[in-house]
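Here the structure is a predicted model, which means the values were calculated and not measured.
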Amino acid sequence: MSGGPVRVAEISLPAIRRNVLRIRELVAGGGGAAVIAVVKANGYGHGAVDAARAALEGGASMLGVADQAEALALRAAGIDAPVLCWLHGADADFERAVAERIEIAVSRPAQLEAVADAARRAGVAATVQFKVETGLSRGGAAPVDWRPLFARGVELEHEGLVRVRGIFSHLSGTSPEHDLAQAARFDEAVALLRAAGCEPELVHLAASAATFSLPQLHYTAVRVGISVYGLSPFDDRDSAALGLTPAMTLRSEVVAVRRVPAGAGVSYGFTHVADRETALALVPVGYADGLPRALSSTDLTVVIGGRRYPVVGRVSMDQIVVDVGDAPVSLGDPVVLFGDPASGAPAVEEWARRAGTINYEIVTGIGGRVTRTAVDR
Ligand SMILES: *Cc1c(COP(=O)(O)O)cnc(C)c1O
């Protein structure tokens, strides 16, 4: 051990397994859609490899990531399950990914040629899924490219260079009406692909939000990220309301306790001044660790010894100050910054709301000094 202070993101593997199981129950109707667990951005900050293994154990049949590098890291860790990656550099070379049987999302005719070329060099047929743009105005093949792209895909299939396994798109989540309009455009793309002579095995549109709110959009697979980690994609429904268990608990310890008189200024700029004699506990987690500085002076609380205490004064790079009053708080006491509210921990959404952001950004923003520890109990 380094002797550094305790800063731990504890990841519950059983929670991830249970969340995937919950999602599988949700999509079990109508033939039972497959679950593609998204583990991009280091598994939303939870550790991609641990999250991937737990999600597969929970019944996910495929993994999704943004970058090829993320996909290759899963293979390097010995994960053999199907992996799809969908965000490529302008001039990406797909040879290693093809050789490692990574499935490649294709959004442009030139990208399809690059994949075919990689397959030729690797001596292995590449598995691709077409990503189509249906209204989000981000990635994906434009409707004018659909016909030529699908026709070329089928041609390359006949040449044995490519296997077209799926087609997908991504929703804006603006409203059910907007999402259903995207689904209608998606249906046109799927029909065109079938007309071109390809029957896609994986047809997927829903991420977490539509998986929970628009069951008619489950198709043959759902592509879920935030809900795998037990967090809600909605503003107005929390984890418990969705039957999910937050998998990450952010823990630290008290590294100093100091009594101060009334009138003592606390932390930079003295934005807080003690209004009475009190005790202040120092907790070594700051904005470098992913606790946004925007949470300064927002009545944020942390849990020490089963009770909540307010964070006072500015959040600094490495630490926060907690007003513990006359409570029996001592050096070394464990601190819970967020976790599963069912266990009494503050919800990560308490941070997100105060920082004007979403739970996604908080968990993916946990910093490099925080140790990730997977627990299996
Ligand atoms: C990140 C991502 C997802 C997962 O979204 P959640 O809201 O976390 O479920 C699904 N599909 C694509 C294309 C993504 O980029």
Side-chain angles (χ1 to χ4, degrees), residues 33-44 48 51-52 55 60-75 79 81-116 118-119 126-143 145-146 149-150 153 162-173 182-183 185-186 189-190 193 198 200-211 217 219-228 233 360 364:
V35 174
I36 302 171
V38 179
V39 298
K40 63 189 178 187
N42 196 25
Y44 288 46
S61 54
M62 183 170 196
L63 303 168
V65 290
D67 301 0
Q68 285 191 73
E70 295 177 314
L72 290 167
L74 296 172
R75 284 286 181 269
I79 293 175
V83 179
L84 171 68
C85 66
W86 53 71
L87 193 61
H88 316 305
D91 202 17
D93 184 330
F94 298 101
E95 184 175 347
R96 263 192 72 203
V98 170
E100 299 273 2
R101 295 166 296 104
I102 307 294
E103 300 188 23
I104 312 225
V106 168
S107 297
R108 291 184 283 117
Q111 231 166 31
L112 181 57
E113 297 308 327
V115 173
T127 302
V128 302
Q129 299 199 26
F130 288 123
K131 183 174 189 202
V132 292
E133 156 63 16
T134 55
L136 188 57
S137 306
R138 296 197 329 193
D145 284 333
W146 290 352
L149 189 63
F150 300 162
V162 158
R163 171 182 167 229
V164 179
R165 186 173 182 220
I167 180 166
F168 71 105
S169 188
H170 196 42
L171 296 168
S172 80
Q182 277 196 261
R185 258 167 261 153
F186 183 59
V190 176
L193 181 58
C198 173
E201 173 194 344
L202 293 176
V203 178
H204 43 114
L205 182 59
S208 294
T211 297
L217 302 189
Y219 292 94
T220 74
V222 295
R223 216 172 45 246
V224 281
I226 199 76
S227 51
V228 167
Y360 294 70
T364 55

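- A donor-acceptor pair is defined here as one N or O able to donate and one able to accept, closer than 3.5 Å; such a pair exists between the side chain of Glu133 and the backbone of Gly135.
- Nearest heavy atoms, Arg75 versus Ile79: NH1-O, 2.8 Å.
- If you take CZ on Arg185 and CG on Leu205, they are separated by 11.0 Å, rounding to the nearest 0.5 Å.
- Between the side chain of Ser169 and the backbone N or O of Val132 there is at least one donor-acceptor pair closer than 3.5 Å.
- Counting only distance, with no hydrogens or angles, the side chain of Gln68 and the backbone of Cys85 share no donor-acceptor pair below 3.5 Å.
- The shortest heavy-atom contact between Gly225 and Tyr44 is CA-OH, 3.4 Å.
- Smallest separation of non-hydrogen atoms from Ala210 and Ala206: CB-CB, 3.6 Å.
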Please report the C-alpha distance between Arg108 and His88 in whole Å, then the side-chain angles of each, then the deciding distance to 0.1 Å, and finally whether the side-chain contact (heavy atoms from CB on, under 4.5 Å) criterion is met. CA-CA 11 Å; Arg108 291 184 283 117; His88 316 305; over 6 Å; no
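- Heavy atoms only, all atoms of each residue included: Thr134 and His170 are closest at OG1-O, 4.2 Å.
- Other residues, nucleotides and ligands contribute at most 12 non-hydrogen atoms within 6.0 Å of the CZ atom of Arg96.
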Is there a side-chain contact (heavy atoms from CB on, under 4.5 Å) between Trp86 and Gln129 once you walk through the steps? CA-CA 9 Å; Trp86 53 71; Gln129 299 199 26; over 6 Å; no
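- Side-chain atoms of Val38 and Arg223, non-hydrogen and from C-beta on, do get closer than 4.5 Å to each other.
- In this structure, Tyr360 and Pro233 have side chains that are in contact, with non-hydrogen atoms separated by less than 4.5 Å.
- Between the Ser208 side chain and the Ser227 main chain, a donor and an acceptor come within less than 3.5 Å of each other.
- The CG atom of Leu149 sits 9.0 Å away from atom CG of Leu193, with the distance rounded to the nearest 0.5 Å.
- Here the CG-CG distance, from Leu87 to Asp67, works out to 6.0 Å after rounding to the nearest 0.5 Å.
- Once rounded to the nearest 0.5 Å, the distance linking CG of Leu63 with CD of Glu103 reads 10.5 Å.
- Contact between Val39 and Leu74 at its shortest, heavy atoms only, is CG2-CD1, 3.9 Å.
- The only member of Phe168, Phe186, Tyr219 that meets side-chain contact (heavy atoms from CB on, under 4.5 Å) when paired with His204 is Phe168.
- Interatomic distance, Gln111 CD to Asp91 CG, rounded to the nearest 0.5 Å: 11.0 Å.
- Summarising the geometry of Ala66 relative to Lys40, their closest heavy-atom pair is N-CB, 3.6 Å, with the distance given to 0.1 Å.
- Taking CZ of Arg165 as the reference point, atom CE of Met62 lies at 5.0 Å (rounded to 0.5 Å).
- At least one side-chain heavy atom of Leu217 sits under 4.5 Å from a side-chain heavy atom of Leu171.
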